[in-house]
Amino acid sequence: MARAALVLPAALLLCLALAGRADAARKTVGVYELKNKKWDFSIKVTNWGATLMSVIVPDSKGNLADVVLGYDTVAEYVNGSSYFGALVGRVANRVAKGRFVLDGKAYHLYINDGKNALHGGHRGFSKVIWTVKEYVPDCDSPYITFYYHSFDGEQGFPGDLDVYVTYQLSSPYDLSLHMNATALNKATPVNLVNHAYWNLGGHGSGDVLGHLIQVSASRYTPVDKSMIPTGQVAGVVAGTPYDLRRLTRVGARIGLVSGGGAVGYDLNYAVDQGSSPSSALTQQVAFVRDPASGRAFELWANQPGVQLYTSNWLKDEKGKGGKVYQKYGALCLETQAFPDAVNHPNFPSEIVRPGGVYRHDMLFKFSF
């Protein structure tokens, strides 16, 4: 597969030439490819929303396929509303009524989901142009690093925040994401999420109800009708639809689960022995396998929660290559802080103090 530099040479060269000039570089949007030359393994990303556009891996017979949903052009990502592959923040998931109190001061966020704030507001990190800080495609472990400066008051959040995300490939079939954010002058909540939609049979190949999934979680955070956590951290009851501690077919009991008025999983699991968001330790969070193709991945991360979402709201969404995505056409596994943690003192804290650094690491280990 040709690199994006061959497709968009002017955009790429301009991004690289202006990497040190943030204001100028942020005006240029490009598409970038990382490819492991020793293996049939590549991804494409764009600095619009620090978005993961494609992940191409072989199946058990060596056939290549793109296993994430998305669009053909950056313009479609700009206009899209499904967060395909995006880096979501400053605070992903929901904040109740778009309001929280921090150090005695009340903050009001942009409301964009009923009465609540969702995924950082109407112009969160998934809807901005990031600066390309480093792009190293020609090495054994190619990587790219994006940078975004979030200003004090952006979408209602307090304080200036410097944010970095690095995508990297390593041998033989590992995709890692490293996210960090430094609070410069005020305490602020931070919860960054990668919102990739996975279908290991290949994007647009049908639903994922036949995929097998295991989630390393014996607790979850129940929600009300508007998808806001009640504050409870409940135990998973063996044999119920929420019990994914053993390898389970995604569609086995999906008809018995609903979230926000749609049938399907849209739930935050509390990862067993989960570490705090500032921890550098990672652990296995989930395992997913498509029996038809033989593709599978382990997901490792260092966050206390993981949101399982089974694309319950997808309908007639035109994606890459003319494919049309429908309900249950993919699943998301978004490692994260607990939703609305800023309003629940009993949840692991997502507050970063001035000079403090938020760290979020993810590792997808693919096999066939």
Does any N or O in the side chain of D113 come within less than 3.5 Å of the main-chain N or O of A117, such that one atom is a donor and the other an acceptor? no
So, do F151 and H149 have ring centers that fall under 6.0 Å from each other? no
If the plane angle is over 60° it's perpendicular, under 30° parallel, otherwise tilted; pick one for F41 and Y173. tilted
NZ of K97: more than 12 outside heavy atoms within 6.0 angstrom? no
Salt bridge check: are D103 and R353 linked by an N-O gap of less than 4.0 Å? yes
For the ring pair Y148 and W130, is the centre-to-centre distance below 6.0 Å? yes
Hey, can you tell me if Y325 and H203 have their rings parallel, tilted or perpendicular (30° and 60° cut-offs)? perpendicular
Go through it in stages, so that I can follow the logic: the residues are H360 and H178, the test is ring-ring contact (aromatic ring centres under 6.0 Å, His included), and I'd like the CA-CA distance, side-chain angles, deciding distance and then a yes or no. CA-CA 6 Å; H360 182 173; H178 304 287; over 10 Å; no
Ring-plane angle category for Y77 and Y71, please: parallel below 30°, perpendicular beyond 60°, tilted otherwise. perpendicular
Are K318 and E76 within salt-bridge range, i.e. N to O under 4.0 Å? no
Taking it one step at a time, do I213 and V288 satisfy side-chain contact (heavy atoms from CB on, under 4.5 Å)? CA-CA 5 Å; I213 187 169; V288 180; 4.1 Å; yes
Do T182 and D162 meet the criterion of a side-chain donor-acceptor pair at a distance under 3.5 Å? no
Using distance alone, with no hydrogens and no angle criterion, decide if Q307 and Q336 have a side-chain donor and acceptor under 3.5 Å apart. yes
Start with the C-alpha distance between R94 and D340, add both sets of side-chain angles, then the distance that settles salt bridge (Lys or Arg N to Asp or Glu O under 4.0 Å), and finish with yes or no. CA-CA 6 Å; R94 291 172 175 84; D340 198 34; over 6 Å; no
Go through the steps for Q326 and D316 under the test side chain to side chain donor-acceptor pair (under 3.5 Å), then give the verdict. CA-CA 6 Å; Q326 303 289 1; D316 300 331; 2.7 Å; yes
Nearest 0.5 Å, please: how far is OH in Y167 from OG in S176? 11.0 Å
Could you go through E334 and Y309, starting from their C-alpha distance and side-chain angles, then the distance that decides it, and tell me whether this counts as side chain to side chain donor-acceptor pair (under 3.5 Å)? CA-CA 8 Å; E334 307 157 52; Y309 172 57; over 6 Å; no
So, taking the atom named OH in Y265 and the one named CG in L333, what distance separates them when rounded to the nearest 0.5 Å? 12.0 Å
Checking M362 against M179 for the side-chain contact (heavy atoms from CB on, under 4.5 Å) test, could you report, in this order, the C-alpha distance in whole Å, the side-chain angles of both residues, the deciding distance, and whether it holds? CA-CA 9 Å; M362 303 178 74; M179 299 165 250; 3.7 Å; yes
Output, in order, the C-alpha distance, side-chain angles, deciding distance and verdict of side-chain contact (heavy atoms from CB on, under 4.5 Å) for S367 and F297. CA-CA 6 Å; S367 59; F297 66 69; over 6 Å; no
Quick one: pull up CG in D152 and CG in L184 and give me the separation to the nearest 0.5 Å. 10.0 Å
Candidate pair L161 and R90, rule side-chain contact (heavy atoms from CB on, under 4.5 Å), full reasoning: CA-CA 9 Å; L161 191 73; R90 179 179 304 195; 3.8 Å; yes
Separation between NE2 of H119 and CG of N93, rounded to the nearest 0.5 Å: 6.0 Å
I want to know whether H344 and F338 have ring centres closer than 6.0 Å. no
Gap separating the CG atom of N47 from the CD1 atom of I144, nearest 0.5 angstrom: 7.5 Å
To the nearest 0.5 Å, how far apart are OG in S218 and CG in D243? 9.5 Å
Begin with the C-alpha distance, continue with both residues' side-chain angles, and end with the deciding distance and a verdict on side chain to side chain donor-acceptor pair (under 3.5 Å) for Q155 and H122. CA-CA 8 Å; Q155 299 297 297; H122 81 297; 3.1 Å; yes
Assess the residue pair N199 and S205 against the criterion (side chain to side chain donor-acceptor pair (under 3.5 Å)); give the C-alpha distance rounded to whole Å, side-chain angles, the decisive distance to 0.1 Å, and a yes or no. CA-CA 8 Å; N199 185 324; S205 63; 3.3 Å; yes
Parallel, tilted or perpendicular, judged at 30° and 60°: which one describes the rings of F364 and F366? parallel
